[in-house]
Protein chains: 2
Amino acid sequence: MSKDPSHTPKHRRHSDQVTLSQVAKSAGVSPITASRALNNPTKVSDTTRRNVLAAVERLGYVPNLVAGSLASSRSKLIAVIVPSLINSVFVEVIKGLQETLEAEGYQILLGNTDYDLDREYQLVRTFLGWSCSALVTAGLRHNKACHKLLANWEHPIMEVMELGKGMDLNVGLDHVAAGRCMASHLVDKGYRDIVYVGARLAQDYRASMRYEGHKAVLQAHGIDAPIVELDTLGSLKAGSESLDQVFAQHPKTQAIHFANDDLAAGALLAAQRQGLNVPNDIAIAGFNGLPLGQHVTPQLTTILSPREEMGRLAAKELIRRLSGKNVVRRQHDVGFKLQLGEST
Amino acid sequence: MSKDPSHTPKHRRHSDQVTLSQVAKSAGVSPITASRALNNPTKVSDTTRRNVLAAVERLGYVPNLVAGSLASSRSKLIAVIVPSLINSVFVEVIKGLQETLEAEGYQILLGNTDYDLDREYQLVRTFLGWSCSALVTAGLRHNKACHKLLANWEHPIMEVMELGKGMDLNVGLDHVAAGRCMASHLVDKGYRDIVYVGARLAQDYRASMRYEGHKAVLQAHGIDAPIVELDTLGSLKAGSESLDQVFAQHPKTQAIHFANDDLAAGALLAAQRQGLNVPNDIAIAGFNGLPLGQHVTPQLTTILSPREEMGRLAAKELIRRLSGKNVVRRQHDVGFKLQLGEST
DNA sequence: AAAAAGAATGATAGCGCTATCATGACAGCG
DNA sequence: CGCTGTCATGATAGCGCTATCATTCTTTTT
């Protein structure tokens with residue numbers, strides 16, 4: 001069998017992109033040295049580093065991070081999975097994460113489950129496939145498959161929003177306690193006919209946790225704890241429409257404890273439009289401490305949750321873990337604060 | 001020189017992760033066939049496909065997308081670069097993008113420039129390194145290096161928010177026209193002492209474009225077009241604090257045209273707290289059509305911009321392009337709508 | 001001055017997957 | 001019957017980078 005040396009090799013894939021090898025050649029070093037010059041600058045001499053950087057500049061080299069990740073089975077990607085982008089609360093957490101992670105050179109792969117745990121599982125699968133170096137997810141609840149997948153994963157997992165025993169790291173606040181806190185406030189103020197109003201509680205289960213705390217306090221005082229559940233997700237609109245519904249079902253209502261500030265502010269503005277006096281005709285309380293609630297008159301009584309701070313703290317803990325440091329505490333309570341307005 | 005066959009091979013990297021080869025072996029086919037069964041189901045027989053899928057299930061295989069991307073030099077990643085996450089406008093665009101892209105199996109790599117074009121360039125570099133299949137960026141302005149980098153890039157580039165001649169695809173609205181529209185409305189209403197108020201206009205240059213439109217209309221009527229620039233980024237707080245500043249600089253002000261609804265709503269709520277009547281003492285107009293503005297009393301006059309729609313449309317166009325379809329129009333005007341409230 | 005340790009660089013062999021070409025089996029057809 | 005075409009599958013060779021080990025040369029130690 002005679003070879004045909006003039007035959008063009010069969011496996012030729014083109015790519016006009018500049019590669020590290022080209023940079024290396026241009027700088028007069030081997031590819032691996034060029035790699036070191038870019039990723040472990042201390043491992044090469046000053047001259048070499050300068051030459052390589054000059055070549056990078058000259059050729060307009062853009063590192064292929066995909067190839068790098070495959071070779072090193074590491075990546076500077078961090079998966080962030082949230083249940084919603086409409087709810088500004090998650091966006092603020094993302095913002096906290098993002099500003100801290102991006103400063104350390106990490107990129108965020110963003111996923112939205114739309115409050116669907118099966119969707120979450122799918123996203124987790126996909127993201128693991130990108131060999132992310134960590135995963136941030138909102139909440140402690142996952143479906144079975146997701147749990148199993150994550151349990152065998154060797155990278156840090158950060159569960160945010162609610163405090164509790166998670167799979168790995170956890171930064172959040174105690175929602176049951178927050179519910180108790182607000183309910184106590186309302187009872188102390190002398191209200192007795194208090195309705196809790198939330199939206200899609202099966203999905204937004206943290207709102208249900210707050211209701212649990214709320215109910216416990218009311219029952220301890222021998223008071224009934226009625227709840228009204230809205231169909232639509234929390235929003236100003238839903239809040240403003242909820243007023244009628246509450247009064248229809250509970251005509252004697254003195255105070256409404258809303259699951260979040262969007263609903264509460266919507267109701268407050270609607271009450272004003274209807275000529276109701278807040279808090280004399282109806283007291284209104286929220287949760288989150290959104291700027292909106294602080295700017296309406298009367299100012300909304302709410303519970304401040306440190307959302308951006310939660311994101312920042314989560315990011316910092318992740319970075320500590322990723323840089324090999326021992327992580328002492330696995331759980332971080334960011335707390336909350338009762339913000340007294342004039343709406344109660 | 002004698003070889004030592006008992007010597008352990010030198011290049012051994014471990015990885016307990018299940019690979020496609022293992023799946024293939026378990027299914028009794030070659031790796032490439034297993035690959036096809038997962039990615040080109042029509043290219044294999046039904047039996048083979050079933051066997052492979054069963055093996056995937058059995059072994060808990062999670063595809064290594066990094067390896068796949070390197071081999072195919074394609075990825076299901078789409079880079080999204082926005083100037084801010086505080087401004088809910090961008091978040092809504094992201095939401096529109098995200099829900100449409102995720103449905104097609106694309107993931108979003110999120111970057112935040114914080115209104116810094118150099119930062120944008122860095123992000124673009126990084127994201128190109130991930131061989132994203134497309135890039136979405138807010139705005140038509142980029143720095144020189146970024147332009148050069150993108151001009152040579154062979155994947156779709158989608159510039160959103162503002163309408164204009166972009167690098168590739170474009171979905172947005174005409175901000176100059178929007179500024180004209182609101183200014184005309186104010187002039188028609190009989191206002192003559194009109195102040196435009198914005199924040200960090202050098203960075204939020206779309207707000208300046210609206211001012212340009214605003215100024216043109218006022219000047220056409222022989223009216224002066226004073227502008228007040230705030231230091232802090234647009235927010236309710238900045239808006240509420242801006243009132244005093246405006247009156248200090250322009251005591252006779254009849255109407256304020258705010259660069260966005262956050263500022264406008266903040267000012268409106270502040271005016272009410274100060275006992276000013278809106279619109280009789282002071283008329284207030286905004287831009288964006290945020291829900292907030294529609295729920296305050298008086299309802300805010302503003303310009304509705306279809307933000308989620310913009311994201312969805314951008315995503316759809318990208319998907320069309322990515323699936324190889326010819327893209328007819330490169331520019332899409334999503335328009336805007338004057339929303340008359342009682343605040344003017 | 002010889003031995004040991006360190007610093008800088010390079011050669012090699014993959015990371016896990018898919019593009020490309022090659023093969024064998026079988027159908028249709030003049 | 002041989003020819004072409006289609007279908008299902010496989011063998012091979014990378015994608016662009018870095019981990020690992022090997023080498024050379026310089027510095028430090030005894």
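To find a chain, count down the sequence lines: A is the first, B the second, and so on, and within it residues start at 1.
- Taking only side-chain nitrogens and oxygens, B/Ser72 never comes nearer than 4.0 Å to OP1 or OP2 of C/dT18.
- Distances were taken from every side-chain heavy atom of B/Leu20 (C-beta onward) to each of D/dC17, D/dT18, C/dT18; the shortest belongs to C/dT18.
- Taking atom CG on A/Asn40 and atom P on D/dT18, their separation rounds to 9 Å, with Å as the unit.
- Note on A/Val29: only backbone sugar-phosphate atoms sit closer than 4.0 angstrom, heavy atoms only; bases stay farther off.
- At the heavy-atom level, B/Thr19 lies under 4.0 Å from the strands shown only through sugar-phosphate atoms.
- No donor-acceptor contact under 3.5 angstrom links the side chains of A/Tyr61 and A/Gln17, judged on distance only.
- Considering only the side chain of B/Ala71, D/dG14 comes nearest among D/dT18, D/dC17, D/dG14.
- Protein atom OH of B/Tyr61 is 10 Å distant from nucleotide atom P of C/dG16, rounded to whole Å.
- Rounded to whole angstrom, the span from the CG atom of B/Asp46 across to the C1' atom of D/dA8 amounts to 12 Å.
- Taking the side chain as every heavy atom from C-beta outward, B/Ile78 and B/Leu322 approach each other to under 4.5 Å.
- Atom-to-atom, CD of B/Gln22 to C1' of C/dG16 comes out at 11 Å; the value is rounded to the nearest Å.
- Rounded to whole Å, the distance from CG on B/Leu70 to C1' on C/dC17 is 8 Å.
- Protein atom CH2 of A/Trp130 is 16 Å distant from nucleotide atom P of C/dG16, rounded to whole Å.
- The interatomic distance linking B/Leu38 (CG) with C/dT18 (C1') rounds to 12 Å, in whole Å.
- When side chains are defined from C-beta on, B/Trp130 counts as touching A/Ser69, because their heavy atoms get closer than 4.5 Å.
- Listed nucleotides: C/dC15, D/dC17, D/dT9. Nearest to the side chain of A/Asn64: D/dC17.
- A sub-4.0 Å separation between OP1 or OP2 of D/dT18 and a side-chain N or O of A/Arg74 is absent.
- An OP1 or OP2 oxygen of C/dG10 is reached within less than 4.0 angstrom by a side-chain nitrogen or oxygen of A/Thr33.
- When distances are taken from the side chain of A/Asn39 to each of D/dC17, D/dT18, C/dT18, the shortest belongs to D/dT18.
- In this structure, A/Ser131 OG and A/Leu70 CG are separated by 8.0 Å, a value rounded to the nearest 0.5 Å.
- Taking side-chain N and O atoms only, A/Thr48 has a distance below 4.0 Å to OP1 or OP2 of C/dT9.
- The phosphate of D/dT18 has OP1 or OP2 within less than 4.0 Å of a side-chain N or O from A/Ser35.
- Where B/Val44 and B/Ala67 each meet DNA chain D at their nearest nucleotide, the meeting point lying more 5' is that of B/Val44.
- Of the candidates C/dG10, D/dC15, D/dT9, C/dG10 carries the atom nearest the A/Ile32 side chain, counting heavy atoms from C-beta on.
- The phosphate of C/dT9 (OP1 or OP2) has a side-chain N or O of A/Ser45 nearer than 4.0 angstrom.
- Under a 3.5 Å cut-off, the side chain of B/Glu159 and the backbone N or O of B/Met167 do form a donor-acceptor pair.
- A donor atom on one side chain and an acceptor atom on the other are found under 3.5 Å apart for B/Glu120 and B/Thr137.
- When the P atom of C/dC17 is taken as reference, atom CZ of B/Arg36 falls 15 Å away, rounded to whole Å.
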